[in-house]
Amino acid sequence: MKSYDHKRIERKWQARWKKSKLYKTADTVKGKKNYYLLTEFPYPSGNLHVGHWYAFSVPDILARALRMQGKNVMYPFGFDAFGLPAENAAIKNKLNPRKWTLGNIKYMKKQITSMGASFDWSRELATCDPEYYKWTQWQFLQFFKAGLAYRKETAVNWCPSCKTVLANEQVVDGKCERCGTEVIQKQMLQWNLKITDYADRLIDDLSTLDWPEQIKESQKNWIGRSEGAEIDFRLTGNVGDDSRYLILHGREGKPTSVFIPWLKEELEKAGHEVEVPQLPNTNEPNAYEQAEYILKNCTVDEKTVVIGHSIGGVTALRLLEKGAKVRRVILVATPYSGRFLDGKKRPSVTDSVKKGFDFETIRNNTKSIIVMPDVKDDRVPFSDAESYAQKLAGMLVHGRGEEKHFMGKIEPDVLMCLCPTIRVFTTRADTLFGATYMVLSPEHPWVRLAIDDDHKVLENKDEVKEYVTAANKKTELERLTEQKEKTGVRLKGVEGVNPATGEKIPIFVADYVLAHYGTGAIMAVPAHDERDFAFAKKFELPIRDVISTGKMESGVFAGEGVLVNSGAFNGLKSIEAKSTLTDKFGRSKITYKLRDWIVSRQRYWGVPIPIVHCERCGDVAIPDPQLPVTLPEIKDYLPTGDGKSPLAKAKKWVKVKCPQCKGTAERETDTLDTFVDSSWYFLRYADTINKKKFADMKKMDAWMPVDLYSGGAEHTTMHLLYSRFWQKALYDLKLVKDSEPYTRRMNRSIILGPDGQKMSKSRGNVIDPDAVVAKLGADTVRMYLAFIGPYNEVSNYPWNPDGVVGIRRFLERVWRLRDRLTISVKKSDGHTISNIERMLHVTIKKVGDDITALKFNTAIAQMMSFMNEAESKGITKAQYETLLRLLAPFAPHIADELWSMMGHKKSVHIEKWPAFDPHKLASSSFTIAVQVNGKTRTQITIPAAVKEDAVKEQAETAAGKWLEGKAIKKIIYVPGRIVNIVAGE
RNA sequence: GCCGGGAUGGCGGAAUGGUUUACGCGUUCGACUUAAGAUCGAAUGCCCGCAAGGGCGUGUGGGUUCGAGUCCCACUCCCGGCACCA
């Protein structure tokens with residue numbers, strides 16, 4: 001007969017499957033359950049490597065097996081087509097990124113076809129297709145309208161080589177993940193997504209998922225939730241102790257609104273006089289009227305600090321305009337120019353707002369102005385605060401509201417701005433008695449305030465300023481690596497008050513305290529914190545042990561202890577002391593390491609952010625009918641270098657009419673991070689062709705959540721976290737029905753070169769799959785990759801060129817076996833099952849079980865064992881055909897060829913998966929081990945039906961040699977396994 | 001430092017508390033061949049022994065058990081995540 005010609009066979013069957021549309025998946029099939037098998041879609045780099053084969057052809061085994069087992073399986077394919085390489089190629093070789101990408105996709109599709117994978121190509125997608133990114137933009141705008149997308153000036157990771165902003169996840173060891181260049185810090189206005197709002201749910205919902213523990217742990221670490229306490233430390237010294245305070249509430253407010261009662265109490269506790277008037281006409285406030293009212297009814301003098309919340313801040317400014325002279329003005333979540341982020345106007349307030357201010361008079365009538373917007377405010381645009389701070393020559397403080405727009409009952413940032421208090425975060429409230437000094441980060445708002453303040457708060461302002469300026473120049477990494485010694489400067493003229501002991505303690509600014517974590521300020525407990533200890537040693541600060549460790553030597557860091565050994569809490573356990581002290585002096589607080597997701601990229605080849613910047617209306621969403629905002633064609637893809645995207649060069653495109661006021665405006669020129677594109681592609685697969693929605697709800701319902709998602713371990717804290725966030729955000733907007741996208745996830749291993757090293761051109765150890773396929777066939781390559789190790793565990797497997805040959809041999813043996821099939825002979829006794837029939841049923845069971853468990857390697861091993869037996873004993877036509885059906889998912893081409901050679905007209909891939917007969921699994925007799933005192937000595941063969949006593953007797957006889965001179969104490973018989981004779985002297 | 005995962009022949013790996021090393025590769029011997037390759041058959045954990053057989057073997061040390069790769073305790077090393085995160 002013909003020999004196994006893989007080239008002919010693979011070409012033939014790939015063409016037939018395509019022609020008969022064998023893998024086109026309907027959304028519903030009567031009587032079949034849907035199963036959504038997803039593998040991470042690739043970037044169209046232009047060439048298929050072994051990793052792609054491993055990623056796509058091995059899960060195809062599962063897809064095919066589940067189909068034969070009666071599931072309606074969707075196994076889709078697409079391309080993550082936006083991103084840097086296309087642009088780099090464009091810059092380097094003067095190619096159009098679109099043409100380059102589309103060319104690569106075309107070529108790769110051809111290569112992928114050679115895998116013989118059962119992809120449903122009718123659902124193919126590419127993220128650079130306007131029909132796709134129209135919906136990326138649309139979803140982004142839903143988030144924008146819901147306040148989940150916002151623009152903020154942030155210190156961002158900037159790659160000087162790629163000339164773009166990088167997400168934290170793209171910075172590895174302080175270097176650009178892509179090009180290895182040292183990343184620097186740069187202040188830029190960036191689009192952010194509020195993933196931090198979802199931190200708790202992203203952690204808590206992990207428990208509902210069938211994911212490997214390793215991935216869950218990684219995500220938890222990344223989010224970094226830690227439960228601790230915030231404790232307020234009052235300041236004393238040159239902090240304007242004789243100030244009196246006038247608090248002006250906002251629209252629809254009163255003296256008991258929001259944080260006002262709390263703030264009043266806190267200020268009075270510190271010994272200040274506080275006045276909170278009830279302003280007139282709060283429903284439709286008129287700032288002029290309110291200012292008049294204050295002048296008439298309240299005390300306003302040069303010791304007065306005026307605090308205006310929201311529209312109350314406008315009143316404060318009008319007050320100064322009218323000539324009131326005050327010590328300081330603090331605008332909390334103010335001012336706003338009469339428009340809101342949602343685009344709605346509130347006409348009743350615009351009169352007294354819009355009129356424009358006499359900024360000069362205001363500046364002259366106060367010694368300082370602080371503008372403190374809430375960085376997470378979703379009502380008042382942050383940019384308003386920036387421009388007002390500039391016009392007022394005021395200090396801009398990036399505040400953080402407990403509630404958006406500073407609407408919380410307690411707003412510590414407001415109190416901090418007024419000087420008397422610094423709030424610290426600690427997980428060790430039990431060590432409060434040991435806090436002997438405080439440290440603020442160089443970026444701490446109060447430090448910025450103090451060095452800019454007209455008042456003489458600090459006695460060594462210049463020294464502090466110098467330190468802060470130097471620290472700001474460095475990146476976090478530089479601070480860490482450049483200096484092993486702790487540095488810092490004491491803030492002279494102010495002291496903190498330890499709320500537990502009442503003692504006055506020094507305050508330092510030092511860069512070992514991080515600005516973005518907790519409150520950016522700490523209470524230092526040198527006896528129980530290594531870092532504080534090092535700092536205290538250097539600056540000769542007191543070290544007080546408040547936890548009895550028994551190990552404490554004078555001046556030596558004591559580490560963690562058990563019992564609190566201080567004043568009122570003597571003998572209390574740490575945990576008890578923690579909660580007691582937290583309740584008494586602070587409040588419990590949860591912090592996260594996770595930061596918001598910066599999504600803007602100063603790059604051409606990405607999704608344009610569908611926003612228009614209008615002088616009058618601010619940031620305005622592009623209306624739905626105008627979507628998608630398509631990428632304009634440009635000539636030069638190089639970034640401008642000043643932080644702007646190459647899109648800024650498309651002048652005609654940039655200039656638009658504001659959709660709201662129809663005046664001239666400019667388009668946003670940044671594009672979206674490609675992780676945005678991939679945050680929802682799995683939803684689109686459910687309904688790739690939909691022109692009215694990103695996907696039809698019913699169709700998504702048919703497929704989502706994904707049953708199994710296979711992908712690379714490198715996406716654990718990036719794509720996997722982002723897409724979970726995206727799904728939850730869509731869920732909250734009622735756009736999808738599930739709050740989690742993937743039920744089961746597995747991370748895939750990496751295929752190394754034959755030398756055990758990562759494949760790379762420079763090492764010369766790259767395996768070209770096309771070459772191996774040409775030589776040995778796609779079936780061999782697929783099956784070898786499945787055989788190399790368990791698929792559901794992360795490891796690194798070297799490609800063994802000899803090992804591949806082993807699989808090819810196996811397939812050749814299956815091919816040749818067809819010529820040696822025996823004729824079925826009925827056993828005369830009719831009861832006993834032939835050994836080969838028994839083994840076939842064992843194989844059916846094991847192959848099925850192992851595929852479901854993603855242990856393709858042992859499934860293949862079982863088929864090999866069966867083949868070994870089949871070759872020596874011979875098998876019947878029916879048994880052979882059963883083997884072909886088991887082989888079909890693994891080696892689809894050869895299986896279909898042999899199946900048709902057996903005389904079948906239809907493809908083996910639409911056959912039913914063979915069922916095993918449980919009665920046929922058991923052997924009629926078996927060999928068991930005989931142990932003496934737990935050591936295996938010999939074996940006996942016994943019939944299946946034999947009684948226990950007979951087995952024991954037989955074992956005793958067989959083991960006689962090892963029992964000489966010993967008394968048998970006990971015999972343990974485990975049916976089918978062992979007999980253990982326990983004997984002694 | 002904290003958290004998670006792991007360590008089994010020459011190699012990739014199997015193994016519900018029950019014959020350690022299935023399956024494949026490699027190696028050795030044999031058959032076929034002028035020869036090589038391919039193919040087929042046999043052997044293959046280590047040590048001692050002509051053999052029968054014996055001893056030792058799943059990172060290290062202990063424990064539980066009739067019996068431990070598997071369960072418990074302590075440790076070593078490797079991989080992954082986080083990390084001046086208070």
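Residue numbers start from 1 in every chain, and the chains themselves are labelled A, B, ... in the order their sequence lines are given, proteins ahead of strands. Side chains are part of it too, since the values below use all heavy atoms of this structure and drop only hydrogens, waters and symmetry mates.
- The partner of B/G18 is B/C66, by the rule that a Watson-Crick or G-U pair needs both atom distances under 3.5 Å.
- In summary, A/Asp232 and A/Arg587 engage in a salt bridge, as defined by a charged side-chain N under 4.0 Å from a carboxylate O.
- No contact: A/Trp799 has no heavy atom under 4.0 Å from any strand.
- The two residues A/Ala786 and A/Val58 have their closest heavy-atom pair at N-CG2, 4.0 Å.
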Identify all pairs in which a protein N or O lies below 3.5 Å from an N or O of nucleotides 55-59 of chain B, and state each distance.
from	atom 1	to	atom 2	distance (Å)
B/G55	OP2	A/Arg937	NH1	3.4

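- Closest heavy-atom contact between A/Gly777 and A/His6: CA-CD2, 3.4 Å.
- B/G4 and B/C25 have their C1' atoms separated by 32 Å, with the value rounded to a whole Å.
- Contact between the side-chain N/O atoms of A/Thr936 and the OP1/OP2 oxygens of B/G67 is not found at any separation under 4.0 Å.
- Taking the P atoms as reference points, B/U58 lies 15 Å from B/G63, given to the whole Å.
- Among the heavy atoms of the strands lying under 4.0 Å from A/Ile788 are primed sugar atoms or P, OP1, OP2 only; no base atom is included.
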Pick out the pairs of N or O atoms, protein on one side and nucleotides 22-28 of chain B on the other, that lie under 3.5 Å.
from	atom 1	to	atom 2	distance (Å)
B/C25	OP1	A/Arg809	NH1	2.5
B/C25	O2'	A/Asn800	ND2	3.4

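- Checking B/G30 for Watson-Crick or G-U wobble geometry (two distances, each under 3.5 Å) identifies B/C40 as its partner.
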N/O-N/O pairs, protein side and nucleotides 78-82 of chain B side, under 3.5 Å:
from	atom 1	to	atom 2	distance (Å)
B/G81	N2	A/Asn221	ND2	3.2
B/G81	N3	A/Asn221	ND2	3.0
B/C82	O2'	A/Lys593	NZ	2.7

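- Taking only side-chain nitrogens and oxygens, A/Tyr592 never comes nearer than 4.0 Å to OP1 or OP2 of B/C85.
- Separation of the C1' atoms belonging to B/U21 and B/U8 is 7 Å when rounded to the nearest angstrom.
- Closest to the side chain of A/Val974, out of B/G12, B/A86, B/G18, is B/G18.
- Of all nucleotides listed (B/G12, B/U19, B/A86), B/U19 comes nearest to the side chain of A/Gln931.
- Within 4.0 Å of A/Pro212, counting heavy atoms only, lies no atom of the nucleic acid at all.
- Residue-level contact check: A/Thr716 touches neither bases nor backbone, having no heavy atom under 4.0 Å from any strand.
- Here A/Asp204 pairs with A/Arg225 in a salt bridge; the nearest charged N to carboxylate O distance falls below 4.0 Å.
- Checking B/C84 for Watson-Crick or G-U wobble geometry (two distances, each under 3.5 Å) identifies no partner in any strand.
- In a base pair of the Watson-Crick type (N1 to N3 plus N6-O4 or O6-N4) or a G-U wobble (N1-O2 and O6-N3), with each distance short of 3.5 Å, B/U60 is matched with B/A74.
- Closest to the side chain of A/Ala929, out of B/A15, B/U39, B/U19, is B/U19.
- OP1 and OP2 of B/U16 both lie 4.0 Å or more from every side-chain N or O belonging to A/Arg977.
- Within 4.0 Å (heavy atoms only), A/Val804 reaches no atom of the nucleic acid at all.
- Each of A/Tyr517 and A/Val982 lies near RNA chain B, and the nucleotide nearest A/Val982 is the one positioned closer to the 5' end.
- When the P atom is compared between B/G6 and B/A14, the two are found 12 Å apart, to the nearest whole Å.
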Given salt bridge (Lys or Arg N to Asp or Glu O under 4.0 Å), test A/Asp430 with A/Arg428 step by step and report yes or no. CA-CA 5 Å; A/Asp430 54 315; A/Arg428 295 293 307 274; 3.0 Å; yes

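- The shortest distance between side-chain heavy atoms of A/Tyr742 and A/Leu209 does not fall below 4.5 Å.
- Ionic pairing of A/Glu956 and A/Lys952 is not present here: no N-O contact between side-chain nitrogen and carboxylate oxygen is shorter than 4.0 angstrom.
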